[in-house]
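Presented below is the structure to which this report refers.
Residue numbers start from 1 in every chain, and the chains themselves are labelled A, B, ... in the order their sequence lines are given, proteins ahead of strands.
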There are 2 protein chains.
Amino acid sequence: MRKQDLTIVKIGGKLIENEERLSSFLNDFSALNGLKILIHGGGNMATEIATKLGFPTKMIDGRRITDANSLKVIVMTYGGLINKTIVAKLQALQANAVGLCGADGNSIVSKKRAVKEIDYGFVGDIETVNTRFINSLLEQGCVPVFSAISATREGQLLNTNGDSVAAEIAKAMSSIYNTQLYFCFEKKGVLANPQDENSVIPEIDHKKYQQLLEEKVISEGMLPKLHNCFEALDHGVNKIFLGNADVLKMGNSCTKIIK
Amino acid sequence: MRKQDLTIVKIGGKLIENEERLSSFLNDFSALNGLKILIHGGGNMATEIATKLGFPTKMIDGRRITDANSLKVIVMTYGGLINKTIVAKLQALQANAVGLCGADGNSIVSKKRAVKEIDYGFVGDIETVNTRFINSLLEQGCVPVFSAISATREGQLLNTNGDSVAAEIAKAMSSIYNTQLYFCFEKKGVLANPQDENSVIPEIDHKKYQQLLEEKVISEGMLPKLHNCFEALDHGVNKIFLGNADVLKMGNSCTKIIK
């Protein structure tokens with residue numbers, strides 16, 4: 001028997017910061033047929049609030065360090081304000097949203113990233129996704145909305161990469177569903193020329209990916225995203241799309257990632 | 001057939017602010033047998049963070065006004081930091097907690113309080129509790145943990161009195177369960193003499209309540225709490241207990257409210 005479809009969408013911080021674009025996106029998302037899950041990051045809001053609260057943002061080699069105060073602000077903004085605002089907006093659009101972080105229902109269990117050259121602080125690498133709990137929500141018509149926060153088995157909340165949360169949920173749910181994964185960010189897709197917004201590469205398979213890597217066409221920010229994508233495809237995810245806030249609109253250009 | 005038991009516990013802000021007392025309470029709560037729901041306020045954390053962010057707390061006639069900025073801070077702190085911290089701690093104690101606000105699963109629908117002499121701002125009065133959604137979580141072994149935030153059908157989040165959230169959930173769930181409701185606050189119970197911590201009145205029924213009102217024994221802060229209690233008893237709640245963080249411990253003194 002063919003598995004039922006499940007659409008999983010990750011939206012980035014820039015989209016969330018723009019109220020008009022967020023509303024337009026949530027309209028499109030709520031109108032999607034069938035089962036769906038939303039994962040959101042938080043953009044610059046956490047940094048702004050941390051600064052106002054007098055918590056400086058620590059960076060080492062250009063990488064953000066999540067100390068105890070940063071974690072608090074992340075849980076407040078991503079897990080609280082942004083998550084609940086999105087849930088309330090979706091409810092008004094008749095999508096029965098339920099806002100979660102990884103601690104809720106033990107849905108995303110992680111371990112604290114081991115300290116090697118750099119101590120990233122309270123950052124989580126995902127170990128398991130609780131497909132049973134997430135599926136119980138889907139089966140009763142709910143739309144899970146995840147902030148990019150996970151937790152250890154010992155009850156420590158951890159800041160977690162939003163793309164990884166989306167990819168790990170998609171991989172895990174592929175055991176039950178025919179999954180398609182959308183990554184929404186600022187660009188219309190993967191660009192052949194980073195200066196040209198309209199140079200979207202319509203389709204990338206493994207061979208094309210290797211070729212793009214060799215030609216150094218892919219911008220640095222896209223590298224982990226694409227790595228995540230191919231890893232997800234190798235672990236059961238069916239289709240992946242990269243695009244901007246309009247990616248869910250019919251006929252909109254974006255990049256499709258295939259095996 | 002006798003209904004199954006359901007224990008609903010509301011904890012106040014002062015308890016939440018004290019990490020040691022909160023841990024001790026969560027230990028007791030997680031050890032409770034049977035189905036349970038936790039409701040929490042947020043104490044002074046929202047005011048402290050609002051002040052740091054440069055949002056002054058507005059008061060009219062000694063009542064707090066929830067303007068747009070206050071609401072943001074309340075959703076951040078109650079709905080985010082406090083809610084998720086409690087959920088993660090309960091998960092570590094093997095209670096399968098799921099953190100919610102009223103927008104999640106449309107669990108607590110309210111309307112914005114009408115402006116009469118005072119405009120309280122973004123404050124909600126509860127209209128309906130989604131017993132079906134809450135029950136679906138209980139039936140799969142989850143422990144719902146509610147922050148005192150509700151939402152309108154139009155997607156507006158609203159600051160909501162924590163005691164009212166607890167009482168309305170208890171009343172609504174009484175259609176399915178044999179409910180007992182615990183209010184945990186700073187005192188050991190209702191005191192016959194507010195200066196004497198050990199003057200706990202062990203039991204108050206309707207007749208005793210009238211008598212205490214006439215004698216003006218009840219402190220002003222207790223009045224709405226007791227009003228809430230009798231209203232809940234009149235709407236199906238089975239037993240109500242008022243006490244401090246140790247109220248769940250066996251043999252601890254507290255005030256029992258009966259019809």
Side-chain angles (χ1 to χ4, degrees), chain A residues 23 26 45 48-49 51-55 71-94 96-107 109 130 132-133 136-137 139-145 147 149-158, chain B residues 23 26 45 48-49 51-55 71-94 96-107 109 130 132-133 136-137 139-145 147 149-158:
Chain A
S23 285
L26 292 177
M45 193 192 279
E48 280 167 26
I49 288 180
T51 306
K52 282 189 188 170
L53 291 175
F55 305 150
L71 180 71
K72 277 185 186 175
V73 175
I74 283 165
V75 176
M76 282 197 275
T77 51
Y78 300 4
L81 186 56
I82 294 170
N83 189 265
K84 300 313 173 192
T85 302
I86 289 174
V87 165
K89 280 178 193 285
L90 284 175
Q91 284 288 351
L93 292 163
Q94 314 303 326
N96 191 11
V98 177
L100 303 163
C101 79
D104 298 305
N106 243 353
S107 47
V109 176
N130 186 344
R132 210 174 99 180
F133 174 66
S136 78
L137 291 174
E139 280 184 340
Q140 62 178 299
C142 293
V143 179
V145 177
S147 62
I149 295 164
S150 60
T152 68
R153 286 178 210 285
E154 293 75 37
Q156 176 61 58
L157 295 166
L158 293 171
Chain B
S23 285
L26 292 176
M45 194 191 279
E48 281 167 27
I49 288 180
T51 306
K52 282 189 188 170
L53 291 174
F55 305 150
L71 181 70
K72 277 187 186 174
V73 174
I74 282 165
V75 176
M76 281 197 275
T77 51
Y78 300 4
L81 186 57
I82 294 170
N83 189 264
K84 299 313 173 190
T85 301
I86 289 175
V87 165
K89 279 178 193 284
L90 284 175
Q91 284 288 351
L93 291 164
Q94 314 304 325
N96 191 11
V98 177
L100 302 163
C101 79
D104 298 304
N106 242 354
S107 47
V109 177
N130 187 343
R132 210 174 100 180
F133 174 65
S136 78
L137 291 173
E139 280 185 338
Q140 62 178 299
C142 293
V143 179
V145 176
S147 61
I149 295 165
S150 60
T152 68
R153 286 177 212 284
E154 294 74 36
Q156 176 62 57
L157 296 166
L158 293 171

Per-residue tally against chain B (heavy atom, under 4.5 Å) across S136(A), G141(A), A97(A), G105(A) peaks at G105(A)

Distance from I82(B) atom CD1 to M76(A) atom CE, nearest 0.5 Å? 10.0 Å

Test of understanding: with side chain to side chain donor-acceptor pair (under 3.5 Å), list the residues that count as partners of T85(B), not counting sequence neighbours. none

Go through the atoms of I49(B) and report whether side chain, backbone, both or neither lie under 4.5 Å from a heavy atom of chain A. both

Spacing of R132(A) atom CZ and S107(A) atom OG [to the nearest 0.5 Å]: 14.0 Å

What I'd like to find out is whether the side chain of C101(B) reaches to under 4.5 Å of the side chain of Y78(B), using heavy atoms alone. no

Compare all side-chain heavy atoms of V73(B) with those of L71(B) and state whether any distance is below 4.5 angstrom. no

Looking only at A92(A), A88(A), G54(A), most heavy-atom pairs under 4.5 Å shared with chain B are made by A88(A)

Identify which of L137(B), N106(B), D104(B) forms the greatest number of heavy-atom pairs closer than 4.5 Å to chain A. D104(B)

Using a 4.5 angstrom heavy-atom cutoff, name the option from T77(A), N96(A), L90(A) with the most pairs to chain B. N96(A)

Between K52(A), R153(A), Q91(A), which shows the greatest number of heavy-atom pairs under 4.5 Å with chain B? Q91(A)

Looking at G99(A), G102(A), A151(A), which has the largest count of heavy-atom pairs under 4.5 Å with chain B? G99(A)

Quick one: does any side-chain atom of N83(B) pair with a main-chain N or O of V145(B) as donor and acceptor, under 3.5 Å? yes

Need one label for Q140(A): side chain, backbone, both or neither, based on atoms under 4.5 Å from any heavy atom in chain B. side chain

